[in-house]
Structure formats: structure tokens, C-alpha cells
There are 2 protein chains.
Amino acid sequence: MRWQDIDQQPCSLARSLAIIGDNWTLLVLRDCFLGVRRFDDFQQRLGVTRHVLSDRLRKLTDGGVLEKVAYQERPLRHEYRLTTMGRDLYPVIAHLAQWGDKYLADEAGPPLVRVHRQCGEPLEAKLQCGHCGENVEPKDIRLEENPHWAGQLLPTKAG
Amino acid sequence: MRWQDIDQQPCSLARSLAIIGDNWTLLVLRDCFLGVRRFDDFQQRLGVTRHVLSDRLRKLTDGGVLEKVAYQERPLRHEYRLTTMGRDLYPVIAHLAQWGDKYLADEAGPPLVRVHRQCGEPLEAKLQCGHCGENVEPKDIRLEENPHWAGQLLPTKAG
DNA sequence: ACTATCAGTTCCTAATTGGAACTTACTTCT
DNA sequence: AGAAGTAAGTTCCAATTAGGAACTGATAGT
């Protein structure tokens, strides 16, 4: 199977990755959350080649994560802004960054600290169940298959 | 800059993506959380070519996300298991899957429902501040730069 | 007229991927 | 004993993608 066809699977994770799972794309989104909006700014900060950046921005725009907004006429220039759909990816970015802070930082410590404005403390991101409010770990989750794809998604014990 | 060099940046997100940001790698981890452990099972479920799978499993193992455990001798066979470091990626997977459920599902609805055992309700993942317990959105976060990399990480207003 | 800005596109070479077959070390079936 | 099966890779080749640098086009500033 080719990587470009993974969006044809029913799995929501596979479909998400079809939009944001390419090399460089999550780094583009990191910069979006830092306020970067323009092509050349992304290019200089990331060091990615211009045609790869062009391709990734197009995929993000087509996927609904970013929108292209004109910021001037004559000459016409566009910038890229996060949509609501894009801003909803913040928990993914926050947890990935926190994971890197925990396991991959060097002696100087994490390069950025995310301070929660409301309480003034460094964000300690937790996965919380919106229904009962408890923190959630992998073992706390039981998977239920949508009958529409019964038996096609979960591994069998046999392998 | 080449993709293989992004782990040399101080950014924790870049370093995380150096381990898990490759195409296919997050789908390998999805299957790990579903209980898949063996090479051929990953290969059949993902449809990825065997040498790409081999490369990704090696990167995950070298990165400390998975560990190779012998499950039989004669002939010697190994399986891949999540480490504690790997299980700590669960919030990333859960939020990505939920995002796909919300924006990318088709008429039949999300293919899998993650039920929180403790409360019996479908997990509604939230990003929570571990300090004050409030839900967190992008606008609630203020970034503080580690002085060691002062001025090198955040974009300037000038561009 | 000359230079700069910005958002790309084009060109070429080098690296990576997709697909299929092959390898190694056993075990089980006939 | 010989043939087929299992598991975890490795090897080979053609096709796609990425990296690097230069180029384009519309316009503004000097």
C-alpha cells in the first residue's frame, strides 16, 4: 500500500495522518501555533525546501487545517492561518512537546516552557476523560468496534 | 536541512518527531496500542513494505519507544513491546484519533469507540492542566524561552 | 534603472519507497 | 527422509520523493 492511499482506510488515526502525518507537516503546525503565517518565514525557520513546504501547505489547506487569507493586494499575497479544525490539534502538539521535554531534552533542559495563564504554572498536560474528569491511561480504555466494520479493525488473538 | 537531522534542533517537538514523525511510524504505534507485537502482523495490518517496517521498528527501538523481547528460542524470535516511554505517547494517539473521529469520519461514524472503563462512557479526551485541573486551549498558553537559547526559538514580530 | 520582497515553480541529482523475491533457521506434515 | 510451512527479516530494481539552488512574476522603494 502506498502512503498516499492511507486516507482510504476507515481508521480515524490513518485519516488524520493522511493530512498531518507527513514529514515536516507537524513542524509546520508547531510554527503555526507560534504565530508564523508566511511562506518565507516557515521556510527560513524550518529549513525545509520550498517545494516540499509548498506541497505541505497545500495539503494542510486542502485538508481544512489551514486557510489561505490575502493580507495585501498589489501584489496579491496570502498567509496561512489555523482554522478551528487546526486549533483542535493543539492537544496533540502539546503532548508531543511535553513527551520530548521529558525524554529527549539535553542538560540545558526543555527549550520552551508552556505557562498556563490561568494558574501561572507550567502546563503539565494530562489526558482527561471529559465525562468523569479522571486522568486516563491506555489500560483504562476498552475498544468497541463499529458494527459496520466488524472484525476488520482489531487484531485477532491468532495474529 | 535534511529530515534526518531534525533531532539536532533544541525543540522538543522536533526531537520527538525525529523518532515518531516518519510516515508509517504513528500507524505502527497505533497497532502497538491495539496489542500487535510481531513483525508479520504489523506488515499485514499496515500493508507497509517489509524494509520500511524494519527501518521504523529499528528507529522506535533505538529511540526507546519499543523494546525487542525474545518470545522463543530455536529459532530465535523477537516481538516488539511498548516501553513506559512508548506508553506515554498514548495521549498523542488518543487526541489524533479523536480529531479524526470528529472531522474525518464518514456516514457510518467513527470506526472505533474508546470506552473509559472507570465511568463506562466513551472517552472525550481533553487537554487538562495537571496543576489547576482546568481544560486548556492554545490561547491559554504563554511561552517562556529557556535563556540558554534566548531569541533563537520564537519568531520575531519582524518576521 | 536597479535592487529588494514575497510566494511560489522549475531543474537536476540523490535518497527513499513500493513491490516482489530471497534467506535463514527451525518445526510440522506426509 | 523430504516437502512444505513459519517468522523475521534482507536484497534487488523501478518509480517516486526530497534536497539544493536558481529562476519567475508582480510590485515597491531608491
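Keep in mind that the numbers below use all heavy atoms, side chains included, and drop hydrogens, waters and symmetry copies. In what follows, chains are A, B, ... by sequence order, proteins preceding strands, each numbered from 1. Because the structure is a prediction, the values reported are computed rather than measured.
Pairs of residues two or more places apart, or lying in two chains, never qualify as ring-ring contact (aromatic ring centres under 6.0 Å, His included) while including a residue from residues 118-156 of chain B. Applying the ring-ring contact (aromatic ring centres under 6.0 Å, His included) rule to pairs touching residues 49-83 of chain A yields nothing, sequence neighbours excluded. Screening residues 66-77 of chain B for salt bridge (Lys or Arg N to Asp or Glu O under 4.0 Å), with sequence neighbours left out, gives no hits.
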For nucleotides 28-30 of chain D, list the nitrogen or oxygen atoms of the protein found under 3.5 Å from its nitrogen or oxygen atoms, one pair per line.
none

Sub-3.5 Å pairs of nitrogen or oxygen atoms, protein against nucleotides 7-11 of chain D:
| residue | atom | partner | partner atom | Å |
| --- | --- | --- | --- | --- |
| D:dA7 | O4' | B:R77 | NE | 3.0 |
| D:dA7 | O3' | B:Y71 | OH | 3.0 |
| D:dA7 | N3 | B:R77 | NH2 | 2.7 |
| D:dA8 | OP1 | B:Y71 | OH | 3.1 |
| D:dA8 | OP1 | B:H78 | O | 3.1 |
| D:dA8 | OP2 | B:F39 | N | 3.4 |
| D:dA8 | OP2 | B:D40 | N | 3.4 |
| D:dA8 | N7 | B:R50 | NH2 | 3.0 |
| D:dG9 | OP1 | B:K68 | NZ | 3.3 |
| D:dG9 | OP2 | B:Y80 | OH | 2.7 |
| D:dG9 | N7 | B:R50 | NE | 2.8 |
| D:dG9 | N7 | B:R50 | NH2 | 2.8 |
| D:dG9 | O6 | B:R50 | NE | 3.2 |
| D:dT10 | OP2 | B:S54 | OG | 2.9 |

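Listed for the A:D31 side chain is no donor-acceptor partner under 3.5 Å among the backbone atoms of A:L46.
Summarising the geometry, atom CG belonging to B:D88 is positioned 8.0 Å from atom OG1 belonging to B:T83; distances are rounded to the nearest 0.5 Å. Atom-to-atom distance recorded for B:L57:CG and B:W24:CH2 is 13.0 Å, nearest 0.5 angstrom. To the nearest 0.5 Å, the span separating CZ on B:R142 from NE2 on A:H116 amounts to 11.0 Å.
B:V69 belongs to no hydrophobic cluster with other residues, because no ILVMFWY side-chain heavy atom falls under 4.5 Å from its own, directly or through intermediates. With side-chain heavy atoms closer than 4.5 Å counting as contact, directly or through intermediates, the hydrophobic cluster containing A:V113 also holds A:V115.
Residues from residues 3-34 of chain B lying near DNA chain C, meaning a heavy-atom separation below 4.0 Å, are B:Q4, B:W24 in numerical order.
Among residues two or more places apart in sequence or in another chain, the side-chain hydrogen bond (donor to acceptor under 3.5 Å, both in side chains) test is passed with B:R87 by B:T84. Scored by the ring pair (Phe, Tyr, Trp, His ring centres under 6.0 Å) test, A:F33 finds A:Y90 as partners (sequence neighbours excluded).
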Under 3.5 Å, sequence neighbours excluded: what are the donor-acceptor pairs made by side chains of residues 9-19 of chain B?
| residue | atom | partner | partner atom | Å |
| --- | --- | --- | --- | --- |
| B:S12 | OG | A:D101 | N | 3.4 |
| B:S12 | OG | A:D101 | OD1 | 2.4 |
| B:R15 | NE | B:Q9 | O | 2.8 |
| B:R15 | NH1 | A:L104 | O | 2.7 |
| B:R15 | NH2 | A:D106 | OD2 | 3.0 |
| B:R15 | NH2 | B:Q9 | O | 3.4 |
| B:S16 | OG | A:L96 | O | 3.0 |
| B:S16 | OG | A:G100 | N | 3.3 |
| B:S16 | OG | B:S12 | O | 2.9 |

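The span of DNA chain C lying next to chain B, judged by atoms under 4.0 Å from heavy atoms, is bounded 5' to 3' by C:dT16 to C:dT27.
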